[in-house]
Amino acid sequence: MDHNDLARLLDRTLSEDERGRALAHLADFDDDAEVLGDAAYLLRELEGRDGATVEDDAAAGHTPADDADTGTDPKVVPLRPPSTARTRPRRLPARWLALAAMLAGVLLVPLALSRSGSRAPGDFASLLTSRNTGLPADWADTVRWGGRRGSGDAVVDTALAARLGARQVDLEIAASAGQADAVSRISNDLEAMVGGMPGSGPLAAMYRDIRSRAGEPAKTLVPSVRDARESLVLYVDKDYFSLGAWAEAASLAVRRQDTAFFHAGPSRKTLERAASLPSLDDESRGIVDVIRTASEPDEPDWARLSGQPDALLAKIAS
C-alpha cells in the first residue's frame, strides 16, 4: 500500500471492497500497519493545531465495531505519514493501532493487541529506585559524548539514536522529580536534536509543548514525556536508542549504588542484546562485558563499575 491508499483508509474514502482488501493487507504487513498507527497518532497530536479535526467515536457514544457507514463518520484531514525509510520498531503500543481503528472506522484492535506486550524501548528511568530524587546538580548540562549537548551537529544515525535515548531518560527523571529548569533545558535540546530528521515536525512540537509546560506537576507532565518517547523510537535505531538510554540511567545507578537497577530483568536483557549487536565495536563490547561481570554479584563491584556506563555512552554516542 502506498501513502495515498493509507491516507484514503484514514479519510474513509475507500470502497467496501477496497477497505476489506486493505485490512487483509495490514494483517500481513507490519510496516504498513505501523505507518497507519503512526499517522493516526500524529493526527491526534495535531488535532486543533493545523486544521486537523477528529470526532472521538467514544465520545459520540459508539465504537468502531458499531460503524455501519451511516454518513456520520468522523471528519479527518488526511496527513501524509512519515517516511517508512527510517528504522521502525517491530511492535507499536496497542493504543496506537486502536486509535487508528477509531479514526478509520474499522476494527483493528485484535491486530493491535497481537503486536503489543513488549516493554517500550528506552524505558529505563522507571527502573531507578531513586528516580524521584531527580537529576544531580548540573547533570542536565554535563557532556558525556563529543561536542555540546543539543548542538545539532551531524552525527551518524546510531550515535544520534544513543544521544536521544540518553537525553530522553534525563527528561523523564527530571519530569518525575518536578525539576522544571532541567525539563525546560532538556526538552529544548531534544527539540533541536530531532529537528533535522525527516518528517519530525510533530515530534519536535511535542518537545516544544513539554518545554512550555515544564512547571506542571509530574502527574500531568510525565505522561506527555512518555508519549514523546513512544513517538521518538519510530524515527531512530531502537537498539542504540535503548543502549544510550540504559547507559545514562546506569550512570546514575552507579552513582547511587542502585543494585536493583542492574539486577532488573530489562536491564540484564539490554546488556545481553548489546553484547550481540554486530555493529558494536570491540572497545564498546569490552565495556559491556566489564559492566555485565561487575554487576552480576548480589552486591555489584561498584569500584569496577565506576565510569563504565559513561565510557560506553561516550563510545556509542560519538
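In this structure a side-chain-to-backbone donor-acceptor pair under 3.5 Å is missing from R167 to M193. Between the side chain of D258 and the main chain of F261, a donor-acceptor pair closer than 3.5 Å is present. Q168 places a side-chain N or O within donor-acceptor distance of the main-chain N or O of V225, the cut-off being under 3.5 Å. In this structure a side-chain-to-backbone donor-acceptor pair under 3.5 Å is missing from S200 to G196. Checking side-chain atoms of T220 against main-chain N and O of E216 turns up no donor-acceptor pair under 3.5 Å. Formation of a donor-acceptor pair under 3.5 Å by the S318 side chain with backbone atoms of A314 is found in this model.
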Take D237 and T158, measure what side chain to side chain donor-acceptor pair (under 3.5 Å) needs, and give me the verdict at the end.
CA-CA 6 Å; D237 184 301; T158 54; over 6 Å; no
Please step through side chain to side chain contact (heavy atoms under 4.5 Å, CB included) for the pair L234 and L203, ending with a clear verdict.
CA-CA 10 Å; L234 295 173; L203 178 58; over 6 Å; no
How far apart are the C-alpha atoms of L280 and L243, what are their side-chain angles, what is the distance that settles it, and do they pass the side chain to side chain contact (heavy atoms under 4.5 Å, CB included) test?
CA-CA 11 Å; L280 202 66; L243 189 54; 4.3 Å; yes
From CA spacing to verdict: side chain to side chain contact (heavy atoms under 4.5 Å, CB included), L171, Y207
CA-CA 10 Å; L171 181 61; Y207 287 112; 3.8 Å; yes
CA sep, side-chain torsions, deciding dist, call: L164, Y235, side chain to side chain contact (heavy atoms under 4.5 Å, CB included)
CA-CA 11 Å; L164 289 167; Y235 291 81; over 6 Å; no
Verdict with supporting geometry, D281 and S284, side chain to side chain donor-acceptor pair (under 3.5 Å)
CA-CA 5 Å; D281 64 80; S284 298; 3.0 Å; yes
Any chance you could lay out the side chain to side chain donor-acceptor pair (under 3.5 Å) test for S184 and D181, step after step, and finish with the verdict?
CA-CA 5 Å; S184 180; D181 289 344; over 6 Å; no
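Side-chain contact between F241 and R229 is present, with heavy atoms from C-beta onward closer than 4.5 Å. Contact check for Y240 versus L277: side-chain heavy atoms found under the 4.5 Å cut-off. Side-chain contact check for I186 versus L135: some heavy-atom pair is nearer than 4.5 Å. Between E230 and D227, some side-chain heavy-atom pair lies under the 4.5 Å cut-off. Residues L312 and V288 meet the side-chain proximity criterion, which asks for heavy atoms closer than 4.5 Å. A 4.5 Å side-chain heavy-atom check between D209 and R213 finds at least one atom pair inside the cut-off.
Residue pairs meeting the salt bridge (charged side-chain N to carboxylate O under 4.0 Å, His left out) criterion with at least one member in residues 286-298, sequence neighbours excluded, are R268-E296.
A distance of 7.0 Å separates CG in L232 from CG in L190, rounded to the nearest 0.5 Å. Rounding to the nearest 0.5 angstrom, the gap separating the OG atom in S306 from the CD atom in Q257 is 9.5 Å. Between atom OG of residue S242 and atom CZ of residue R273 there is a gap of 9.5 Å, rounded to the nearest 0.5 Å. Taking CH2 of W246 as the reference point, atom CD1 of I291 lies at 4.5 Å (rounded to 0.5 Å). Considering CD of E272 and OG of S267, their distance stands at 10.0 Å, rounded to 0.5 Å. With rounding to the nearest 0.5 Å, the separation of CZ in R211 from CG in N188 is 5.0 Å.
Residues satisfying the side-chain contact (heavy atoms from CB on, under 4.5 Å) criterion with D301, sequence neighbours excluded, are A294, A303, R304. Partners of R208 according to the salt bridge (charged side-chain N to carboxylate O under 4.0 Å, His left out) rule, which considers only residues two or more places apart in sequence or in another chain, are E191.
Taking all atoms of both residues into account, the shortest heavy-atom contact from I210 to S224 is CD1-O, 3.9 Å. Across all non-hydrogen atoms, the minimal contact from L252 to P136 is CD2-CD, 3.6 Å. What you find for F262 and A253 is that their closest heavy atoms are CE1-CB, 3.7 Å. Among all heavy-atom pairs drawn from H263 and P300, the shortest one is NE2-CG, 4.4 Å. For the residue pair L221 and A214, the shortest heavy atom distance occurs at CD2-O, 3.9 Å. A166 approaches E248 most closely through the heavy-atom pair O-CG, 3.5 Å.
L305 and V290 sit in two unconnected hydrophobic clusters of ILVMFWY residues. Membership requires side-chain heavy atoms under 4.5 Å apart, directly or through other members.
Atom CZ of R285 sits in a crowded spot, with more than 12 heavy atoms from other residues, nucleotides or ligands closer than 6.0 Å.
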